Amino acid sequence: MIEVRDLVKVYSLGDTELRALDGVSLTVGDGEFVAVMGASGSGKSTFMNMLGCLDRPTSGEYLLDGVAVGGLSKDRLAELRNRTIGFVFQGFNLLARTSAIENVELPMLYNGMSAGQRREKAMATLAEVGLEGREHHFPNQLSGGQQQRVAIARALVNSPSLIFADEPTGNLDTKTGGEIMRIFCRLNEDKGITVVLVTHELDIAGYARRRIHFRDGRVVEDDRSGGGCR
Ligand code: ADP
Ligand code: MG
């Protein structure tokens with residue numbers, strides 16, 4: 001379970017301060033499927049980076065399964081991130097000149113698995129997201145939707161219990177975006193993975209069972225009515 005209490009993130013810009021997060025408190029239970037919504041600049045990405053342990057808050061608490069993330073050493077935090085959390089970005093963030101399968105193998109490098117075991121797991125995970133036969137393609141040989149599938153496979157390969165995605169369909173057309181959302185649905189419904197994703201599109205947010213709206217670094221609405229994967 002995710003629990004944040006009074007999360008604040010302040011960026012200093014010369015002599016002024018910008019409160020990107022201005023006291024966010026909420027919980028997300030195991031197995032939830034949540035959409036984070038709000039206008040550009042409302043703090044969505046800042047919030048996701050905190051949840052994904054990619055950045056630390058200025059103040060406030062973040063508990064992951066009861067463990068205070070802020071108190072962990074750099075190494076423990078890196079380990080937690082690698083084992084528990086998968087992150088998916090709008091721009092895919094794949095390594096160029098690196099094949100799909102090598103991109104997916106990367107998070108397993110420090111797991112003590114043999115090269116053969118890594119290859120086998122990466123093959124299976126790519127097949128799971130519908131990329132059988134594309135393992136040796138480079139990112140520039142794949143469509144946007146296929147690149148995002150590689151990124152999802154990379155996020156999945158260490159069997160995380162949480163997936164955080166920041167506008168994962170933002171660079172994709174509507175049909176491809178829907179296909180990517182159905183992958184998240186499957187991960188949530190069949191594997192019980194908790195999914196938190198940012199979107200500003202209502203039809204994309206409609207796949208989630210809960211919509212949290214940000215404005216000016218604060219949560220202004222938390223809506224659990226309707227929605228869900230069809
Ligand atoms: P969103 O993802 O909702 O568009 P962000 O979380 O990216 O919003 O940004 C929230 C606010 O914080 C914005 O005003 C943005 O300009 C500011 N901001 C984000 N990252 C930084 C940074 N590294 N340095 C300074 N200001 C930042
Ligand atoms: Mg953003």
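Atom set for the values below is all heavy atoms of this structure, side chains included, hydrogens, waters and symmetry mates excluded. Quick caveat: nothing in here was measured; it's all calculated off a predicted structure. Order of listing sets the numbers, starting from 1, for every ligand and every atom in it.
- For the pair Lys191 and Glu128, the salt-bridge criterion is met [side-chain N within less than 4.0 Å of a carboxylate O].
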Donor-acceptor pairs are to be reported for all side-chain atoms of residues 13-21 against protein atoms at under 3.5 Å, with residues two or more places apart or in another chain.
from: Thr16; atom 1: OG1; to: Leu13; atom 2: O; distance (Å): 3.1
from: Arg19; atom 1: NE; to: Asp22; atom 2: OD1; distance (Å): 2.7
from: Arg19; atom 1: NH2; to: Asp22; atom 2: OD1; distance (Å): 3.4

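- Using a 3.5 Å distance cut-off with no hydrogens or angles, the side chains of Gln90 and Asp166 do not pair a donor with an acceptor.
- Within a radius of less than 2.8 Å around the Mg ion (ligand 2), the protein N, O or S atoms are Ser45 OG.
- Electrostatic pairing of Arg119 and Glu105 counts as a salt bridge here, judged by a charged N lying under 4.0 Å from a carboxylate O.
- For residues 79-117, the ring-ring contact (aromatic ring centres under 6.0 Å, His included) pairs, not counting sequence neighbours, are Phe87-Phe89.
- Of the charged side-chain nitrogens involved, at least one lies within less than 4.0 Å of a carboxylate oxygen, so that Arg210 and Asp222 count as a salt-bridged pair.
- Under the 4.0 Å criterion applied to side-chain N and carboxylate O atoms, Arg81 and Glu79 are not assigned as salt-bridge partners.
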Full working for side-chain hydrogen bond (donor to acceptor under 3.5 Å, both in side chains) between Thr46 and Asn49: CA-CA 5 Å; Thr46 304; Asn49 290 344; 5.9 Å; no

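- Ion pairing of Arg149 with Glu179 is present here, as a side-chain N (NZ or NE/NH1/NH2) and a carboxylate O approach within less than 4.0 Å.
- The 4.0 Å heavy-atom shell around ligand 1 contains residues Tyr11, Leu13, Leu18, Ala20, Ala39, Ser40, Gly41, Ser42, Gly43, Lys44, Ser45, Thr46, ordered by chain and number.
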